[in-house]
Amino acid sequence: MNTTSTPKYAPQAIEAKWQETWFKPNVFKAEAGGAKPKYYVLEMLPYPSGQLHMGHVRNYTLGDVLARYKRAKGFNVMHPMGWDAFGLPAENAAMKRKTHPKQWTLNNIAEMKKIMRQFGWSYDWSKEVTSCLPSYYGPQQALFLDMFDKGLVYRGEALVNWDPIDQTVLANEQVVDGKGWRSGAPVERRKMPQWCLAITKYADQLLADLDKLPNWPQRVKTMQENWLGKSYGVEFYFKLTGEGLPADAKLQVYTTRPDTIMGTSFAVLSPEHEYSALLAQTDPKAAAFIAEAKAMGTAQEIVDRAEKKGYPTPYKAIHPFTNEAMPVWIGNFVLATYGTGAIKSAPAHDERDHAFATKYNLPIRPVVTGPGVEEGKPYAPKGTLINSGKWDGLTSDAAIQAVIAEMEQLGIGKGKTQWRLRDWGVSRQRYWGCPIPFIHCPKCGVVAAPRETLPIQLPEDVEFTGSGNPLANHPTWKQTTCPTCGGAAERETDTMDTFMDSSWYYLRYLCPYTKEPLDKAAVGYWMAGGGVDQYIGGIEHAVLHLLYARFFTKALRDCGYPVGDEPFKALLCHGMVVGNTYQAADGRYLYPREVELRDADGVKAAFERATGAEVKILPMEKISKSKNNGDSPDGLLAKYGADTLRLYMLFTAPPERDLEWSEAAIEGAWRFLNRVWALAQVAAELPTTQTAAPDRALQQKLHSTIAKVSADIERFQYNTMVAACMELTNALQAADSAAQPALVREGVATLLRLLNPACPHITEELWAMLGNSTPLHATDWPTFNPALAQAEEITLVVQVNGKVRAKLVVPHDIAKDSAIALAKAAPEVQEWLSGPVLKEVYVPGRLVNLVGA
RNA sequence: GCCGGCGUGGCGGAACUGGUAGACGCGGCGGACUCAAAAUCCGCAGCCUUCACGGGCGUGUGGGUUCGAUUCCCUCCGCCGGCACCA
C-alpha cells in the first residue's frame, strides 16, 4: 500500500482542534432529566500534587472509554472531575518553598487541568469542584452540622503520634523509625480530644448492604467485611487484687473464645490501660516500660511487628471459676482501641499468647483438642474441650454458649457482639483542611456555629513553622463570640480529615453551585437506582475511602437527602502503573533506556550503558519522577499525542492488573494508529457501492468484531477490545479493496466508530475525512447482525483419551451424531484408539473426546 | 504481624460459565522495497527431540477431583495492595 502521497498522521495537528470543538461549547454537559436513561461515570478525583502521573492517565482513560461508549449507546451520561485539594503536602510545600498552601494548590490545579484537557477526557467541566474552596467546604460544614443534629458527631478521644519538640501531631507517614521526621525526637503515643463520627452506629448496615453490591469486586467486599470485623463473644471481668488498687477493682476483658476459659492463665493490659497508668505512678520501671511501648507510635503495622514485650505487674486477676490468682502483665502488643484494652490469655490456643507465655515462662494449659493438634504448639481452631471440668467433651461452639450462660448467671459477664471497626476520628491539628464549625465557650461549653455564619473560612495570613497548629497560632482568627450567651469564645482550631472531603464529592458534582449543600432534585435524579453507575479507582482505596463514602451516604440519607442507601452501584479497581527501577552504586536512579539487561546463567543483571558499571535492579515500583522508572505524561503527549497514550494504557494490561511501564509498547500503539490512518486514507478513495457480493469471511469478521468490542467494553476487557480492533484492521488491510470497495469502506468506518471511545481524536478526524458531517461523539454505537457474525465453518477438535489427535473443519451447526461419526472415522483416531470406545464426550461446536481402555 | 490479591513463551498479555494453551502486541529472525539506512510491507517462531513426518513436555511448586484443569480444592514459594493522621 502506497502511503507516501497521502498526509501523515500528525496528532499534534489534530488533537487540539477536536478538543476545541468539545470543550468550548462543552458538548459533554450533562443535565438532569430528559428521555434518555441516566448513567453516572465517576473516577476517583486526584490530589493536585502538580504532576499528573501515569496512574491518573490510566484511571481517567478507563473512565472515558465507558463514558463515551455509554453516550453512543444512548445514555444521558454524567462524567465530572474535580480536586481533592486539602492535605498535608500543601503544608509541607509551604514550609519548604515559602509559598502559601492555597497558591501552591491552585497553581497545581491549573497545571494539571491543562494537561487533562490535552488527553481529551470527556468531562463536563462545568461540574468541577475544588475541595479547598469555601464553595465546597462551606456546604461540607453544613453537612457536618446536619450529622451533629442527627447525633452522629461527638467529642471523643483518640491516640495520636505526638512530637514533643515540634509540639504537634504527626501523621503515621511523618513518623520514621519511631521519630518525628523534622525534629528527630522520639514520638509519643498520646490520647487527645477529638471530633468523632459515629460510623459504628452503621456497622450492621455497612456489613449487610455489601450484599446489595453484586457489581463490586468480591475481594473489596471481603476486605471491608474483615475490616468491620463483626465477632460474637463475651465481655466479663476478673476481680483484681494488689497493693494500691481499689478494693472493688475489676478488670474488664472481651474474648471471642470463652471456651478456652479454663486454659486462661494470665491477663495482659495495654500500655494505655488505667491500671497500667496507676502502677506507673509508683513503679518507675513500669513507667519506663509504658513510655517505651508508647514510643512506637500509633501505626498498627509497627505495633504488630514489634517484638512482643511484657512487664509483670504485682496485680493478680482472680479466675472466675477456679479462683486462681493469675499474673497480670502489661504488653506492648495489646490494643487500647479494641474491646476493653485488656485481654485474657489462653496461650495453648493463640499464636501470639503462646509466644508471649513461652518467652516469660507463663503456664500453658491445653483445653481444646482436635485433628492436627501438636505437642508444644498452639492450637487455634475450635475443637472438643478437655481439662475443663464440667465442660469436658463439649464442642467449642457448645462450650462458648455454656460459658457465656454461666457468666451471665453469675453476673460477671454478658454475651456481646463486638466490631473491629472504630468510630472515625476526624479532627486534625492542621491548617490546610476544612474548619470544624464549632465554638468553645467558657460558659456554655461546645456550641455549634450558626448556619448563617457558614462558610467559616480559613484565614490566609498564617505562618508555617512546623511547630504547633498554624490555625491555633493565629493571633485573632479563633476569637469570636458565643452564639448562645454572646460572651467571648474561641473557634475550634481543628480541621477535618481529608477523607471527609472525598466522602461526598460525587454528590456535590451534581449541584456545584447551589447554596444548599445538595440540590435534592439533581441528586435524586443522578443517584436513583443505586447511586453512581460505575465508579473507577485504585485498589489502594478498597477499605478506607470506600467505607467512609458508604457511611456518608447512609448518614446523609438519614439526614433527609435523597441519596439512596449506597453511593456506588458498581466498582472497578484498577492496578497501579509500575516500572522497573534501577539504581547505580552512587545512588542515582537510572532510566530503563540507560540500562542494558544481561542474562548470565539465568541470573539477570543490569549495567549502565554509559559506564558499563553494574547497577542494582530494585523491585517493581509505582512509577515516579524521583525514581526515573517511567516518563511523565506531558513529555509523551508532545511526542505521541493523547490517542497513542490512551491506547497504550488500555491495551498493555487488563484494568485490574498492574501495568508495567514500557516505552516499546507505546511505540506499538503508535504504529497501530498509523496503520489505521493509512488504511482510512485508502478507504476514503473507494467507491461506496460495489457489484460483487460481499466477501463472507470479511463480513463475518466485521460483525463479530462489533459484537466482541461491545461485550468487551461492558465487562471492562479493554485490552481485548483493542486486540479485536487490531484484528479487524489486519483483515481490512489484507482485503481485496478493488473487488470489495463498499465492504472495506464500511469496515473502516465501523472500525473508527469502535475505536472512538479509546482514541477519540484520530477517529473523529478520519470519520470527517470519510465524508460524515455528524461527529462521532454524537453518533450512535454500531449494531451487528448475529447471523452475519456467525462463522459458517468451525474447527472440531478430536481427542483420544484427552489428547488432541485430529482437527476437523465442519459446519457450525453440525449434529452430535455426525460429529462423533466423523471423529471416529478420522485416520489419526484409528491410529491412536486401539480398543473399543468406552465413553464419548461431545461439547457442541468445540470437541469430541473418545475415551478408550 | 493481620486482612486481601496476583503468578501463563525472551516480554506485556489471550483463553466467555472445566473443553484446541499462547489471540493481539513488543522484542527476535528471514525476505521485499532502498545506493544505503529508517519507515513500511510479507513470512517464521513455546521448549526438547527428529533430516523429515511425527513424538514428548509445558500455565510458580507439590498433591487432589475429572474423560478432560491456566480455570475447582489443599500445601508450599515468590511478588504486590491495605492496616484507621499519605492520598
Side-chain angles (χ1 to χ4, degrees), chain A residues 1-4 44 46-47 49 84 86-89 158-161 169-175 217-220 222-227 229 298-306 308 333 337 351-352 420-422 424-430 497-499 502 538-545 547-548 573 575-576 578 599 619-621 651-654 656-660 662 664-669 671-672 674-675 678 708 711 715 717 719-720 722-727 730 733 795-799 801-804 807 838-843 845-852:
Chain A
M1 203 176 289
N2 179 7
T3 57
T4 51
M44 290 182 185
Y47 176 78
S49 64
D84 187 15
F86 275 136
L88 213 42
L159 294 175
V160 298
N161 302 305
V169 177
L170 297 176
N172 282 332
E173 73 159 14
Q174 296 175 313
V175 178
Q218 187 53 52
R219 61 177 159 148
V220 172
T222 305
M223 278 189 266
Q224 292 214 350
E225 189 179 329
N226 292 336
W227 185 269
T298 62
Q300 191 64 58
E301 183 188 356
I302 306 290
V303 175
D304 278 352
R305 298 178 82 124
K308 310 284 174 282
F333 59 95
T337 49
E351 198 103 19
R352 210 174 43 181
R420 185 179 164 277
L421 179 72
R422 316 198 286 260
W424 180 9
V426 296
S427 285
R428 298 292 180 269
Q429 293 69 41
R430 293 184 218 295
D497 180 3
T498 57
F499 272 122
S502 56
I539 182 67
E540 66 272 21
H541 298 290
V543 176
L544 289 179
H545 161 62
L547 195 66
Y548 290 141
C573 289
M576 295 189 303
V578 297
D599 200 325
M620 281 284 180
E621 259 188 88
F651 180 57
T652 304
E656 62 279 6
R657 268 210 238 179
D658 283 352
L659 186 153
E660 275 179 50
S662 152
I666 298 182
E667 286 282 349
R671 277 204 291 252
F672 170 67
N674 274 279
R675 286 171 56 214
K708 176 157 178 61
R715 58 186 184 123
Q717 290 260 353
N719 54 331
T720 55
V722 175
C725 289
M726 287 174 168
E727 286 189 53
N730 292 343
Q733 211 166 18
T795 302
L796 185 72
V797 170
V798 183
Q799 296 183 335
N801 294 327
K803 279 187 184 283
V804 179
K807 293 177 185 180
L838 304 176
K839 185 169 181 175
E840 295 167 354
V841 180
Y842 177 61
V843 182
R846 290 199 181 267
L847 67 69
V848 174
N849 185 15
L850 303 170
V851 183

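We use all heavy atoms of the structure for the numbers below, so side chains are in, but hydrogens, waters and symmetry mates are not. Reminder, nothing fancy here: chain letters follow the sequence lines and each chain counts from 1. The shown structure was predicted, so the numbers you read here are calculated from the model rather than taken from an experiment.
- Look at the P atom in both B:G4 and B:C11: the space between them is 31 Å, to the nearest Å.
- At a threshold of 4.0 angstrom between heavy atoms, the contacts of A:L544 include nucleobase atoms, whether or not backbone atoms are also involved.
- Spacing of C1' atoms, B:A69 relative to B:G78, comes out at 23 Å, to the nearest Å.
- Residues meeting the side-chain hydrogen bond (donor to acceptor under 3.5 Å, both in side chains) test with A:S427, sequence neighbours left out: A:D494.
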Set out, line by line, the N/O atom pairs under 3.5 Å between protein and nucleotides 53-57 of chain B.
| unit_1 | atom_1 | unit_2 | atom_2 | d |
| --- | --- | --- | --- | --- |
| B:C57 | OP2 | A:K803 | NZ | 3.2 |

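- Using a 4.0 Å heavy-atom cutoff across all strands shown, A:H541 reaches at least one base atom of the nucleic acid.
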#### Entry: Check against side-chain contact (heavy atoms from CB on, under 4.5 Å), A:R219 and A:E656
CA-CA 12 Å; A:R219 61 177 159 148; A:E656 62 279 6; 4.0 Å; yes
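- Under the salt bridge (charged side-chain N to carboxylate O under 4.0 Å, His left out) criterion, A:E173 pairs with no residue at all, not counting sequence neighbours.
- Of the side-chain N and O atoms in A:T652, none sit less than 4.0 angstrom from OP1 or OP2 of B:G12.
- Looking at which nucleotide of RNA chain B each of A:L88 and A:R420 is closest to, the 5′-most match is held by A:R420.
- Heavy atoms of A:W227 sit under 4.0 angstrom from at least one base atom.
- Taking the P atoms as reference points, B:C73 lies 26 Å from B:G82, given to the whole Å.
- Taking the ring pair (Phe, Tyr, Trp, His ring centres under 6.0 Å) definition, one finds that A:Y548 meets it with A:W424, A:F499, sequence neighbours left out.
- When the P atom is used for both B:G18 and B:C24, the distance is 25 Å, rounded to whole Å.
- Close to B:C2, at under 4.0 Å from its OP1 or OP2, lies no side-chain N or O of A:N226.
- One atom, CD of A:E173, and another, C1' of B:G82, lie 15 Å apart when rounded to the nearest Å.
- Stem regions annotated for RNA chain B: B:1-7 with B:77-83, B:10-12 with B:24-26, B:28-32 with B:40-44, B:46-49 with B:54-57, B:62-64 with B:72-74, counting only runs of 3 or more consecutive pairs of Watson-Crick or G-U type with both contacts under 3.5 Å.
- Computed from coordinates, the A:I302 CD1 to B:G1 P distance equals 13 Å when rounded to whole Å.
- Nearest nucleotide to the A:Q300 side chain, out of B:G4, B:G1, B:C80: B:G1.
- Distances were taken from every side-chain heavy atom of A:Q717 (C-beta onward) to each of B:C3, B:A87, B:A15; the shortest belongs to B:A15.
- The residue A:R352 sits apart from the nucleic acid: no heavy atom pair falls under 4.0 Å.
- Residue A:L659 is the one, among A:L659 and A:T498, whose nearest nucleotide of RNA chain B lies closer to the 5' end (criterion: closest heavy atom).
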### Message
Please encode protein proximity along nucleotides 17-29 of chain B as a string of B, S and -, counting only heavy-atom distances under 4.0 Å.
### Response
--BBS-BBSSS--
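- Across all strands, A:S427 comes closer than 4.0 Å to base atoms (heavy-atom distances).
- Note on A:F499: a base of the nucleic acid sits closer than 4.0 angstrom, heavy atoms only.
- A close approach under 4.0 Å does occur between a side-chain nitrogen or oxygen of A:R657 and OP1 or OP2 of B:G13.
- Taking only side-chain nitrogens and oxygens, A:R219 never comes nearer than 4.0 Å to OP1 or OP2 of B:G5.
- Across all strands, A:Q429 comes closer than 4.0 Å to base atoms (heavy-atom distances).
- The distance between atom CD of A:Q218 and atom C1' of B:C72, rounded to the nearest whole Å, is 16 Å.
- Taking atom C1' on both nucleotides, B:C80 is separated from B:G58 by 26 Å, rounded to a whole Å.
- Whole-Å rounding puts the A:N161 CG to B:A84 P distance at 10 Å.
- Taking atom P in both B:A52 and B:G68, the straight-line distance is 33 Å, to the nearest Å.
- B:G78 has its base anti relative to the sugar, with a glycosidic angle deviating from 0 by more than 90°.
- Comparing B:G64 with B:A15, their P atoms sit 29 Å apart, to the nearest whole Å.
- Using a 4.0 Å heavy-atom cutoff across all strands shown, A:P46 reaches no nucleic acid atom at all.
- Distance, A:Q224 CD to B:C83 P: 13 Å, rounded to whole Å.
- The shortest distance between side-chain heavy atoms of A:K708 and A:E727 does not fall below 4.5 Å.
- Using a 4.0 Å heavy-atom distance criterion, A:L421 is classed as a base contact.
- Using a 4.5 Å heavy-atom threshold, the side chains of A:C573 and A:V220 count as touching.
- Nucleotides B:U59 and B:A21 have their C1' atoms positioned 8 Å apart, rounded to a whole Å.
- Pairing each heavy atom of A:P89 with each of A:Y47, the nearest pair is CB-OH, 3.3 Å.
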